[in-house]
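Below: the structure, in structure tokens.
Just follow the structure's listing: the first ligand is 1, and inside any ligand the first atom is 1. Values reported hereafter were calculated over all heavy atoms of this structure, with side chains retained and with hydrogens, waters and symmetry mates removed.
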Amino acid sequence: MQRAELLNKVIKSGVVSVVRADSAQKALQMVEAIVAGGIKSIELTYSVPKANDVIAELVEKYAGTDVVIGAGTVLDPTSARLAIVAGAQFIVSPSFNKEVAKICNLYQIPYVPGVLTPKEAQIALEYGSELIKLFPGDITGPKMIKDLKGPFPYINILPSGGVTVDNVADWFAAGAVAVSAGGGVTAPAAKGDYAGVTANAQKFMAAFEAATN
Ligand SMILES: O=C(O)C(=O)C[C@H](O)[C@H](O)COP(=O)(O)O
């Protein structure tokens, strides 16, 4: 699939769910619960053991559906290349890394780097990122999107860190093209409550629909 198409799928999905777990099995269970709740973009982080295998399994499982599987916490170009070989459809990192950007450009996979300042945003744009993760978004709050859109009116921003069902509307009102949520969706999994994960995913999707319709 072309890079533009992949990026479009992520943006259209509205909510990216960040998956962290201490075993591959738990990560797979979490993803099943998230997708059951209607979220279609999954960011499987490299803090999950055997992350490559989990990504490959998820890509195969959801092939031909609306679900997009990306790799998160990609800190270095080797991990980026491994994730792409495993089938990752987008790459996310907590900060910008130019070698990761080059690998993603080479293989035409969207790179969504974390940025917190105008300088970092400019570098990410220079290296071709078409979707930028504002991270940690709870440090800046939604107003940062408006501030960045002054000098960079065309920037597409995905806030991450501290995004909750209660503040989703604020982020979209400030100009976010989609939001990213970790614990806000997956926290109940720590107690084995996967139905709670599904319920949170449903709440996030309802908040997204309400904020954008
Ligand atoms: O390491 C990365 O690349 C990440 O993706 C970081 C995550 O976006 C945040 O950890 C999510 O934060 P919470 O929604 O507050 O749980």
| Which protein non-hydrogen atom lies closest to atom 8 (O) of ligand 1, naming both residue and atom, and how far is it? | Ser160 OG, 2.4 Å
| Partner of Phe90 under side chain to side chain contact (heavy atoms under 4.5 Å, CB included), chosen from Val10, Leu131, Ile69, Ile42 | Val10
| Hey, which of Leu44, Val35, Val19, Asp53 is the one that makes side chain to side chain contact (heavy atoms under 4.5 Å, CB included) with Leu58? | Leu44
| Any N or O of Val18 that comes nearer than 3.5 Å to an N or O of ligand 1? | no
| query | What is the nearest protein non-hydrogen atom to atom 16 (O) of ligand 1, stated with its residue, atom name and distance? | reply | Gly183 N, 2.9 Å
| field | Nearest-contact summary for atom 15 (O) of ligand 1 - protein heavy atom, Å | value | Gly162 N, 2.9 Å
| said: Suppose we measure from atom 2 (C) of ligand 1 to each protein heavy atom; which comes out shortest, and what is that distance? | reply: Lys133 NZ, 3.3 Å
| Does the pair Ile55 and Tyr46 meet the rule for a side-chain contact (heavy atoms from CB on, under 4.5 Å), with working shown? | CA-CA 10 Å; Ile55 290 168; Tyr46 263 78; 4.0 Å; yes
| Residue list, salt bridge (charged side-chain N to carboxylate O under 4.0 Å, His left out) with Lys40, at least two apart or on another chain | none
| Is the shortest N/O to N/O distance between Gly72 and ligand 1 below 3.5 Å? | no
| query | Under 3.5 Å between some N or O of ligand 1 and some N or O of Val92? | reply | no
| request: Output yes when a side-chain donor or acceptor of Gln202 lies under 3.5 Å from a complementary backbone atom of Gly37, and no otherwise. | output: no
| task | Could you tell me whether ligand 1 has any atom less than 4.0 Å away from a heavy atom of Ala181? | result | yes
| remark: Among non-hydrogen protein atoms, atom 9 (C) of ligand 1 lies closest to Phe135 CE1, 3.7 Å
| said: Strictly by salt bridge (charged side-chain N to carboxylate O under 4.0 Å, His left out), give each pair with a member in residues 183-207 just once, sequence neighbours left out. | reply: none
| Distance from Ile155 atom CD1 to Ile132 atom CD1, nearest 0.5 Å? | 4.5 Å
| message | Test of understanding: given a 4.0 Å heavy-atom threshold, classify the contact between Ser93 and ligand 1 as side chain, backbone, both, or neither. | response | backbone
| query | At what distance is the nearest protein heavy atom to atom 12 (O) of ligand 1, and which residue and atom is it? | reply | Gly161 CA, 3.6 Å
| ILVMFWY network linking Val85 to Val59, side-chain heavy atoms under 4.5 angstrom | no
| atom 10 (O) of ligand 1: nearest protein contact (heavy atom, Å) | Arg20 NH2, 3.8 Å
| request: Decide if atom NZ of Lys149 counts as having more than 12 heavy atoms of other residues, nucleotides or ligands within a radius under 6.0 Å. | output: yes
| query | So which heavy atom in the protein is nearest atom 14 (O) of ligand 1, and how far is it from that ligand atom? | reply | Gly182 N, 2.7 Å
